[in-house]
There are 2 protein chains.
Amino acid sequence: MSKINILDSPLDIKNCPVRNVLDRFGDKWSLLVLLILGKKETLRFNEINKEIGSDISQKMLTVTLRTLEADGFLKRTMYAEIPPRVEYTITDLGKSVFPLIDKLEKWAKLNMPAIEKSRKKFK
Amino acid sequence: MSKINILDSPLDIKNCPVRNVLDRFGDKWSLLVLLILGKKETLRFNEINKEIGSDISQKMLTVTLRTLEADGFLKRTMYAEIPPRVEYTITDLGKSVFPLIDKLEKWAKLNMPAIEKSRKKFK
DNA sequence: CAGGATCCACTACGATACTG
DNA sequence: CAGTATCGTAGTGGATCCTG
């Protein structure tokens, strides 16, 4: 298996944690859902949908939630009611990444203008 | 333009900084290149290529570097020599995100086992 | 209400070949 | 050395319709 060497911390490129974990965040909605759930703790499907603003398709919200659940970032609880109620709650693992993502969000907000400017200049 | 409300911080979903900025990091190689360049400061094209371990195609490395340059994360300097020499240097903007990405990397390393375990249990 | 099932478009990415 | 150009593919995400 190929290795790369970033200074003194060798990374396995195939099994690289950064790649493996952050690739999940690399999709279109995961980070946003985690941000929302990190702030609200528990939400229902349609509540998350509303928070995002229905720019997201039902399918993708479902897929995103399933993936985050599989990774252990949130817990899905179904109540056997009619109509059905499903609640999504952030887990301890989710809570532990949240501050990092939150900082990234703040960084993004702060530096967005500089990036926009750079992009325009580059054209 | 649609708005969403994450607690007290309203986000413009279309022009959302998180989405706009972090979508760039969502690709396959940007984070890795930023990590490498953040630690080495200045590298040549082929040096970056070697660090990644040639799992990346020349084309994608070029595209990734161009995008990071356009966003202002790194500076590209071409020397009119034969054979040509091109150096990529991390900018102040790049340096300012680096710690965040570095923390994400450390988090990923630390929590990868828990995530793997969760994924297996979910199947 | 919270989804599952389909179909389809786009594009990110890789492989290969060529060049100033 | 550091790319560009071209082609081909797989996967991501959207739109729509259907259901316990």
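In what follows, every chain begins at residue 1, and chains take the letters A, B, ... in the order their sequences are listed.
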*Of all the heavy-atom pairs spanning A/Arg44 and A/Pro84, show the shortest one and how long it is.*
NH2-O, 3.6 Å

*Worked verdict on A/Phe98 versus A/Phe73 for ring-ring contact (aromatic ring centres under 6.0 Å, His included)*: CA-CA 10 Å; A/Phe98 176 73; A/Phe73 291 110; over 10 Å; no

*Whole angstrom value for the distance that separates P of C/dA2 from CG of A/Leu61*: 10 Å

*So, is A/Arg44 close to the C/dA2 phosphate, meaning a side-chain N or O under 4.0 Å from OP1 or OP2?*
yes

*Give the rounded distance in Å between these two atoms: CD of B/Gln58 and C1' of C/dA17.*
11 Å

_In whole Å, I'd like the distance from the CG atom of A/Leu65 to the P atom of C/dG3._
7 Å

*Lys/Arg-Asp/Glu bridge criterion (N-O < 4.0 Å) met for A/Glu51, A/Lys40*: yes

*asked:* Between A/Tyr88 and A/Leu37, does the side chain to side chain contact (heavy atoms under 4.5 Å, CB included) criterion hold? Intermediate values first, please.
replied: CA-CA 8 Å; A/Tyr88 294 91; A/Leu37 218 59; 4.2 Å; yes

*For B/Phe45 and B/Leu65, work out which heavy atoms get closest and say how close.*
CD1-CD1, 3.7 Å

*OP1, OP2 of C/dG3 versus side-chain N and O of A/Arg66: anything below 4.0 Å?*
yes

*B/Ile56 CD1 to C/dA15 P: how many Å, rounded?*
11 Å

*asked:* Between the side chains of A/Lys75 and A/Glu41, is the shortest nitrogen-to-carboxylate-oxygen separation below 4.0 Å, so that they form an ion pair?
replied: no

*Roughly, in whole Å, what's the span from CG in A/Asn49 to C1' in C/dC1?*
11 Å

When you compare the protein's N or O atoms with those of nucleotides 10-13 of chain D, which come within less than 3.5 Å of each other, and at what distance?
residue, atom, partner, partner atom, Å
D/dG13, OP1, A/Lys28, N, 2.9
D/dG13, N7, A/Lys59, NZ, 3.3

*Minimum heavy-atom separation for A/Lys103 to B/Leu100, with atom names?*
O-CD1, 3.9 Å

*Tell me: CG of B/Asn46 to P of D/dG3, nearest whole Å?*
9 Å

*Tell me, which of residues 81-89 of chain A have any heavy atom that sits under 4.0 Å from an atom in DNA chain C?*
A/Pro83, A/Pro84, A/Val86, A/Tyr88

